[in-house]
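Single-structure report; data block below.
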Amino acid sequence: MNADMIKKIRQFNRYYTVWLDVMNKGYMGTELSWPESRVLFEIYLYDGISATELCGHLGMDKSYVSRILAGHEKNGLVTRELVSGSKGTKKLCLTEAGIKKARQIDESGDKQIIERLESLPDEKCNELCNAMERIEAILRENA
């Protein structure tokens, strides 16, 4: 890989994170940051996931996830329940408030994409989706 390729990839990453508006507190109309929202949403997708599995899914540091989970528990969004027969493993579950917040994030995410891309013709949206699928496939091949 040459320096020009690295520069192009980093430029795209900077552009895309700004385009997604992930750099500001209050992600998707919530009071949560992007990492806080992502942790909550992952639990929504995988109800009963353990903290260790969650870290693996998101590629996040265990201590950082632990701090986020503590905040979510304090705010009544998440509970930790001991898995029977395990040696201390706890499953993560959303409370009703957590489910409501995760659904808000999900719906706001859909709305964001619709608003940002509504001016593109379907042909360009398909081209964009195909490019994204290809990027993901290439990255997964080498993971």
Side-chain angles (χ1 to χ4, degrees), residues 1-118 120 122 124-143:
M1 175 168 293
N2 65 42
D4 189 50
M5 290 176 179
I6 294 167
K7 189 175 184 178
K8 287 177 183 179
I9 291 169
R10 293 189 68 211
Q11 173 60 39
F12 174 79
N13 290 345
R14 287 190 300 272
Y15 174 79
Y16 193 60
T17 54
V18 170
W19 188 86
L20 285 175
D21 194 31
V22 300
M23 304 306 285
N24 296 305
K25 190 86 169 157
Y27 184 67
M28 292 295 160
T30 70
E31 72 286 352
L32 303 174
S33 67
W34 187 48
E36 292 166 337
S37 297
R38 206 50 195 92
V39 165
L40 189 74
F41 195 69
E42 197 74 9
I43 299 167
Y44 177 69
L45 293 175
Y46 301 98
D47 185 47
I49 192 171
S50 71
T52 301
E53 292 169 326
L54 181 63
C55 291
H57 281 215
L58 297 175
M60 290 176 71
D61 176 74
K62 289 180 184 182
S63 62
Y64 188 31
V65 170
S66 181
R67 288 191 302 274
I68 291 172
L69 289 172
H72 284 342
E73 281 183 295
K74 180 181 174 187
N75 293 323
L77 302 174
V78 173
T79 61
R80 299 183 209 216
E81 300 172 15
L82 191 61
V83 175
S84 63
S86 75
K87 296 181 181 179
T89 302
K90 294 181 180 177
K91 65 180 182 175
L92 302 169
C93 300
L94 297 181
T95 63
E96 286 301 317
I99 292 169
K100 183 177 178 183
K101 184 81 62 186
R103 286 183 179 151
Q104 176 188 355
I105 292 166
D106 193 23
E107 290 168 7
S108 295
D110 286 353
K111 183 179 174 190
Q112 178 194 47
I113 298 302
I114 290 166
E115 288 173 356
R116 300 262 170 106
L117 299 178
E118 67 188 348
L120 282 181
D122 285 348
K124 287 293 183 185
C125 284
N126 283 329
E127 188 178 329
L128 178 64
C129 289
N130 290 336
M132 290 174 152
E133 287 174 344
R134 184 67 185 130
I135 290 168
E136 183 178 352
I138 290 169
L139 295 175
R140 285 186 185 275
E141 285 172 13
N142 295 298

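The structure displayed is predicted, hence computed values, not measured ones.
In this view, K7 satisfies the salt bridge (Lys or Arg N to Asp or Glu O under 4.0 Å) rule with no residue, not counting sequence neighbours. Contacts of M28 classified as side-chain contact (heavy atoms from CB on, under 4.5 Å), with partners at least two apart in sequence or in another chain: I105, S108, Q112.
Residues E53 and L92 have side chains not in contact (no heavy-atom distance under 4.5 Å, counting atoms from C-beta outward). Annotation: side chain of T95 is not in contact with side chain of V78 (no heavy-atom distance under 4.5 Å). Under the 4.5 Å side-chain criterion, counting only non-hydrogen atoms from C-beta, I99 is in contact with Y44. Side chains of I43 and C93 form no contact here, defined as non-hydrogen atoms less than 4.5 Å apart. The closest side-chain heavy-atom distance from L58 to V65 is not below 4.5 Å. Residues H57 and L45 form no side-chain contact, since every pair of their non-hydrogen atoms from C-beta on lies 4.5 Å or further apart.
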Go through the steps to decide whether L128 and M132 satisfy the test side chain to side chain contact (heavy atoms under 4.5 Å, CB included), and finish with yes or no.
CA-CA 6 Å; L128 178 64; M132 290 174 152; 4.2 Å; yes

Verify side chain to side chain contact (heavy atoms under 4.5 Å, CB included) between L94 and L40, making sure each step is shown before the conclusion.
CA-CA 8 Å; L94 297 181; L40 189 74; 3.4 Å; yes

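Nearest heavy atom pair, residue M60 against residue P35, reads CE-CB, 4.1 Å. The minimum heavy-atom distance between Y27 and V22, with the atom names listed, is CE1-CG1, 3.7 Å. Nearest heavy-atom pair, R14 versus T17, reported as atom, atom and distance to 0.1 Å: O-OG1, 3.1 Å.
Atom CG of D61 is surrounded by more than 12 heavy atoms from other residues, nucleotides or ligands within 6.0 Å. The environment of R10 atom CZ is sparse: at most 12 non-hydrogen atoms of other residues, nucleotides or ligands sit within 6.0 angstrom.
Salt bridge K101/E31: present, at least one basic N to carboxylate O contact under 4.0 Å. A salt bridge does not link K100 with E96: none of the charged nitrogens is closer than 4.0 Å to a carboxylate oxygen.
A donor-acceptor contact shorter than 3.5 Å is absent between the side chain of T30 and the backbone of G26. Between the E42 side chain and the L54 main chain, no donor and acceptor come within less than 3.5 Å of each other. With D106 contributing its side chain and A102 its backbone, the two residues share no donor-acceptor pair below 3.5 Å. The backbone N or O of V83 sits nowhere less than 3.5 Å from a side-chain atom of T89 that would complete a donor-acceptor pair.
Distance check: S37 OG to H72 NE2 gives 7.0 Å after rounding to the nearest 0.5 Å. Atom NZ of residue K62 and atom CG of residue L69 lie 13.0 Å apart, to the nearest 0.5 angstrom. Taken from NZ in K90 to CD in E81, the straight-line distance is 10.5 Å, to the nearest 0.5 Å.
Aromatic ring centres of Y15 and F12: separated by at least 6.0 Å.
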